[in-house]
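Let me begin by presenting the structure, written as structure tokens, before commenting on it.
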Amino acid sequence: MLELVVLISGTGSNLRALLEATRDAEYPARVVAIGADRDAEGLQLGEEYSIPTFTVPFTRYATRAEWGAALAEQIRPWTPDLLVLSGLMRLLPPAVVAEFGPAVINTHPAYLPEFPGAHGVRDALAAGVTETGASVIAVDDGVDSGPILAQERIPVLPGDTESTLHDRIKPVERRLLIQTVLDIANGHIDLKGTTPA
Ligand code: GAR
């Protein structure tokens, strides 16, 4: 059974999908703690699913490294098998990636390496592409630059706004995230050798 710590910044809708998947006794992963860099709406899921939560507010620290050290302190006692960034809108400092890597994965609402960063959906729309996508990657020190574990194309439709497009991307992200965690648990993805899907 893979024990997961999940980090979020927002509503946690992808986390909710993962939590629903873990209700199945045959799904080989459980969320042991939920963390956030701010007072994120998705922290409420902790109460709903009886999972402990922690918040390490990014803005309370002078540097990213100090924030990362405080975050690592909160994660460490859970000894996670896998750290999942599910809408965490902060770059993890290298020391945190080094401590928990290579077992750190991230979901992204674009077909990486296209449109990395905090505005993957907005940037795809602005570029006028007809297709974007969803990706799950292993986390390295760069911005969404780690090895791609799973990804899928999603069309951009005429009249799409950032919100309608993101709403169509998210269900795909959820499916890819749930499948990737399963693949890691059953050894189909080996993060140590990082064998892409
Ligand atoms: C998701 O689409 C996730 O991929 C994205 O934030 C959203 C979180 O939604 N993350 C990034 O853009 C990271 N660069 P949620 O809080 O409803 O799960």
Side-chain angles (χ1 to χ4, degrees), residues 4-22 29 31 33-49 51 53-58 64 67-68 71 82-94 96-97 100-101 104-127 129 131-156 160-181 197:
L4 318 177
V5 169
V6 182
L7 302 181
I8 60 169
S9 296
T11 57
S13 64
N14 289 352
L15 166 60
R16 179 187 286 282
L18 186 59
L19 288 166
E20 281 301 311
T22 63
V31 178
I34 300 165
D37 64 314
R38 54 185 289 265
D39 186 18
E41 194 186 321
L43 286 169
Q44 289 171 3
L45 291 168
E47 211 168 304
E48 205 178 318
Y49 288 82
I51 293 169
T53 62
F54 58 85
T55 308
V56 184
F58 183 83
R64 180 180 306 278
W67 169 72
L71 183 68
L82 184 66
L83 186 58
V84 179
L85 314 188
S86 182
L88 180 76
M89 300 306 281
R90 304 280 178 194
L91 202 57
L92 284 185
V96 179
V97 177
F100 298 102
V104 187
I105 65 171
N106 183 29
T107 66
H108 186 73
Y111 199 85
L112 290 168
E114 299 168 9
F115 312 115
H119 305 292
V121 182
R122 190 184 306 171
D123 293 346
L125 272 179
V129 292
E131 273 190 329
T132 181
S135 307
V136 180
I137 60 168
V139 172
D140 65 8
D141 288 341
V143 179
D144 299 322
S145 55
I148 291 157
L149 305 173
Q151 61 184 170
E152 199 169 305
R153 283 288 186 190
I154 294 151
V156 179
D160 255 341
T161 62
E162 187 174 352
S163 118
T164 61
L165 181 54
H166 205 167
D167 283 350
R168 282 208 323 287
I169 291 172
K170 277 187 171 188
V172 180
E173 268 192 87
R174 288 170 197 149
R175 182 160 43 71
L176 294 178
L177 175 61
I178 290 164
Q179 184 63 44
T180 301
V181 170

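These numbers come from the heavy atoms of this one structure, side chains and all, not from hydrogens, waters or symmetry mates. Just follow the structure's listing: the first ligand is 1, and inside any ligand the first atom is 1.
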Taking the side chain as every heavy atom from C-beta outward, state whether Val5 and Phe54 have any pair of such atoms under 4.5 Å apart. yes
Closest protein heavy atom to atom 18 (O) of ligand 1, given as residue, atom name and distance to 0.1 Å: Asn14 N, 2.9 Å
Take Ile8 and Leu45 through the side chain to side chain contact (heavy atoms under 4.5 Å, CB included) test and state the conclusion after the steps. CA-CA 11 Å; Ile8 60 169; Leu45 291 168; 5.9 Å; no
Output the list of atoms in ligand 1 that are nearer than 4.0 Å to some heavy atom of Ser13, sorted by atom number. 15 (P), 16 (O), 17 (O), 18 (O)
Which residue and heavy atom of the protein sit nearest atom 16 (O) of ligand 1, plus the separation: Gly12 N, 2.7 Å
Counting non-hydrogen protein atoms only, what is the nearest one to atom 9 (O) of ligand 1? Give residue, atom name and distance. Lys170 NZ, 3.1 Å
Give the residue, atom name and distance (to 0.1 Å) of the protein heavy atom nearest atom 4 (O) of ligand 1. Glu173 OE1, 2.4 Å
Only heavy atoms of Gly10, strictly under 4.0 Å: list the atoms of ligand 1 that pass. 16 (O)
Quick one: nearest non-hydrogen protein atom to atom 13 (C) of ligand 1, plus distance? Met89 SD, 3.6 Å
Taking all atoms of both residues into account, what is the closest heavy-atom pair of Val129 and Phe115, and its distance? CG1-CZ, 3.9 Å
Going by the side-chain contact (heavy atoms from CB on, under 4.5 Å) test, name the single residue among Val84, Ile105, Leu85, Leu83 that passes it with Val139. Leu85
Say whether Gly42 and ligand 1 are in contact under the criterion: heavy-atom distance to a ligand atom below 4.0 Å. no
Among protein heavy atoms, which sits nearest to atom 5 (C) of ligand 1, and what does the distance come to when rounded to 0.1 Å? Pro109 CD, 3.8 Å
Based purely on interatomic distance, does His166 place a nitrogen or oxygen under 3.5 Å from a nitrogen or oxygen of ligand 1? yes
What's the separation between atom CD1 in Ile169 and atom OH in Tyr111, rounded to the nearest 0.5 Å? 13.5 Å
Measure the distance from atom 8 (C) of ligand 1 to every protein heavy atom, then report the residue, atom name and distance (to 0.1 Å) of the closest one. Gly87 CA, 3.7 Å
Interatomic distance, Leu149 atom CG to Gln179 atom CD [nearest 0.5 angstrom]: 12.0 Å
Give, for atom CD of Glu48 and atom CG of Leu43, the distance between the pair rounded to the nearest 0.5 Å. 12.5 Å
CG on Asn106 to CD1 on Ile137, rounded to 0.5 Å: 5.0 Å
Going by the atom numbers of ligand 1, which of them fall below 4.0 Å from some non-hydrogen atom of Thr11? 15 (P), 16 (O), 17 (O)
Can you find a non-hydrogen atom of Ile8 under 4.0 Å from ligand 1? no
Per atom 14 (N) of ligand 1, closest listed option by heavy atom (Ser86, Gly117, Ser135, Ala110): Gly117
Contact check, side chains of His166 and Ser163, non-hydrogen atoms, under 4.5 Å: no
